[in-house]
Amino acid sequence: MTHHRDIGAGPPDEYVEAEIQRLLAEDPAVAEQGITVVRRERALVLYGEVESAHRRAEILRRVSERFPDVPIASDIGVIRAQAPTEIEQLP
């Protein structure tokens, strides 16, 4: 007999937060140590910074696929990894 929990009924529990954190760190396609999972009222919010918008989209896609019933929000920023094309003039 299998036990099936309905995780969509309320705020996600710590188990789901830990699972998402593990997915982010251990999935070879993601391997993102700098993303943290924070619980907000009715969703889990992913915080952190990645090097591209594509990377952010891939992380959100993987988390959504793995946890389709969990509301996920993103507060992942994109940091500029490449050098600026112009030399910045300082006063």
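Along the sequence shown, residues are numbered consecutively beginning with 1.
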Pair V50-I79, side chain to side chain contact (heavy atoms under 4.5 Å, CB included): steps then yes or no | CA-CA 6 Å; V50 294; I79 53 175; over 6 Å; no
Take V37 and L24, measure what side chain to side chain contact (heavy atoms under 4.5 Å, CB included) needs, and give me the verdict at the end.
-> CA-CA 10 Å; V37 182; L24 293 173; 4.3 Å; yes
Side chain to side chain contact (heavy atoms under 4.5 Å, CB included) between L23 and V63, worked out | CA-CA 8 Å; L23 170 72; V63 172; 3.9 Å; yes
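Distance check: E41 CD to R39 CZ gives 12.0 Å after rounding to the nearest 0.5 Å. Atom CD in E26 sits 10.5 Å away from atom CD in Q21 (nearest 0.5 Å).
Take V45 and apply the side chain to side chain contact (heavy atoms under 4.5 Å, CB included) test, not counting sequence neighbours, and it matches R40, Y47, A73, D75.
Placement of I35 and Y15 within a single hydrophobic cluster is found when ILVMFWY residues are connected by side-chain heavy-atom separations under 4.5 Å, directly or transitively.
No side-chain heavy atom of V78 sits under 4.5 Å from any side-chain heavy atom of E49. A heavy-atom distance below 4.5 Å is found between the side chains of I72 and I20. Between I59 and L46, the closest side-chain pair of non-hydrogen atoms falls below 4.5 Å.
One N or O on the side chain of R56 and one on the backbone of I76 form a donor-acceptor pair closer than 3.5 Å. Here the side chain of E65 pairs no donor or acceptor atom with the backbone of L60 at under 3.5 angstrom.
The existence of a salt bridge linking R55 and E58 is excluded, since no basic side-chain nitrogen approaches an acidic carboxylate oxygen closer than 4.0 Å.
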